[in-house]
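Numbers here are sequence positions counted from 1.
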Amino acid sequence: MVLDNGRIIEGVDIVHKEAANFFHNFLSENSGVPECDLSEKLVAHEQWAFIPGRSIFEIITLAQEMVHWLYKRNVGGNVMVKLDMAKAYDRVNWGFLLEVFRAFGFSDNFCRLIRQCVESPWFSIMRNETFTDDILIFVNGSKRSTKNLVHILETYEKWSGQIISKDKSALFMSKRISLIRKRGLLRLMGFKEGIFPVTYLGAPLVSGRLTSRIMELLIEKIRKKIAGWKMKLLLHGGRLILFT
């Protein structure tokens, strides 16, 4: 890859780093948000993936701890909702997207640039297939809490244009919730009942003890990944490091 200044860069990691630096400088110059406040406004404290100094495994560990708390005694019982958003980019309400940018403090100039991009006759979207759009919501299982959650989700669908895939979404309920109430919650949400273990950000979440059988799927994925590497492109020292 050749840059405007004539410098040649090679390797996926270097290209990603150059692209990240470019967009960071672009946002700082055109967003209207001071550079020192850019990351604080865009990156929440709850965001752990792909942030320097943070690890995605922290959020996976937190999710697993919340699953263990799912069966704690509580009035109304505890419920975990696993959402799956329909991957239909033409459904996104671009007006909603621009209002979100404005809410974060981006300038009108930046929003105008984004509008020109999304309203152009042709544009493409590149996705990272490593992780899916996994969303977990932990809520009290009372009828009032569940109705409020349904209202929030319906409002989000209406404003954003996105649609929740109810066929792929699931409801995980505490064993302390009666069968009659479980059926009522499933009818209210319109989701199917989920069964553990369930995959979240590529890792299995379990309601009991983690066994080797549960980890077999993850181990198999790692094996296939290693098998797919082209060993002939690695130096002898690289092979030693890989197998060490």
Original post:
Are Asn109 and Ser107 linked by a side-chain donor-acceptor pair shorter than 3.5 Å?
Top reply: no

Nearest-0.5 Å distance, [atom1] of residue [X] to [atom2] of residue [Y]:
X	Y	atom1	atom2	result
Lys192	Asp167	NZ	CG	8.0 Å
Ile114	Phe110	CD1	CZ	4.0 Å
Ser212	Glu216	OG	CD	6.0 Å
Ile60	Glu58	CD1	CD	10.0 Å
Arg176	Leu70	CZ	CG	11.0 Å
Lys175	Ser207	NZ	OG	5.5 Å

Would you kindly confirm whether [X] and [Y] end up in one hydrophobic cluster when ILVMFWY residues are joined by side chain heavy atoms under 4.5 Å apart?
X	Y	result
Val150	Met85	yes
Val139	Phe191	yes
Ile152	Trp159	no
Leu83	Phe96	yes

[X] vs [Y] side-chain heavy atoms within contact, under 4.5 Å:
X	Y	value
Trp69	Asn78	no
Leu136	Leu205	yes
Leu171	Glu193	no
Thr146	Met189	yes
Val81	Ile135	no
Lys158	Glu154	no
Met66	Met80	no
Gln116	Leu113	yes

Original post:
What class does the angle between the rings of Phe106 and Phe104 fall in, given that below 30° is parallel, 30 to 60° is tilted and above 60° is perpendicular?
Top reply: perpendicular

Original post:
Mind checking whether Phe172 and Phe196 have parallel, tilted or perpendicular rings, split at 30° and 60°?
Top reply: tilted

Original post:
What pair of heavy atoms forms the shortest contact from Lys182 to Ser174, and how long is it?
Top reply: CE-O, 3.5 Å

Original post:
Do Tyr156 and Gln162 pass the side-chain contact (heavy atoms from CB on, under 4.5 Å) test, and can you show the C-alpha distance, the side-chain angles, and the key distance before you say yes or no?
Top reply: CA-CA 8 Å; Tyr156 174 75; Gln162 288 190 294; 2.3 Å; yes

Subject >> Test log, rule side-chain contact (heavy atoms from CB on, under 4.5 Å), inputs Tyr200 and Ile59 >> reply: CA-CA 10 Å; Tyr200 175 64; Ile59 197 65; 4.2 Å; yes

Subject >> Criterion side-chain contact (heavy atoms from CB on, under 4.5 Å) on Val206 and Ile214, from CA distance to verdict >> reply: CA-CA 9 Å; Val206 299; Ile214 296 175; 3.5 Å; yes

Does atom [atom1] ([X]) have a neighbourhood of more than 12 heavy atoms from anything else shown, all under 6.0 Å?
X	atom1	result
Ile219	CD1	yes
Ile180	CD1	no
Arg102	CZ	yes

Taking the side chain from [X] and the backbone from [Y], do they hold a donor-acceptor pair closer than 3.5 Å?
X	Y	result
Glu157	Ile164	yes
Arg181	Gly141	yes
Asn140	Val79	no

**OP:** Just do the side-chain contact (heavy atoms from CB on, under 4.5 Å) check on His151 and Lys147 with the steps written out, would you?
**Re:** CA-CA 6 Å; His151 175 70; Lys147 282 187 175 181; over 6 Å; no

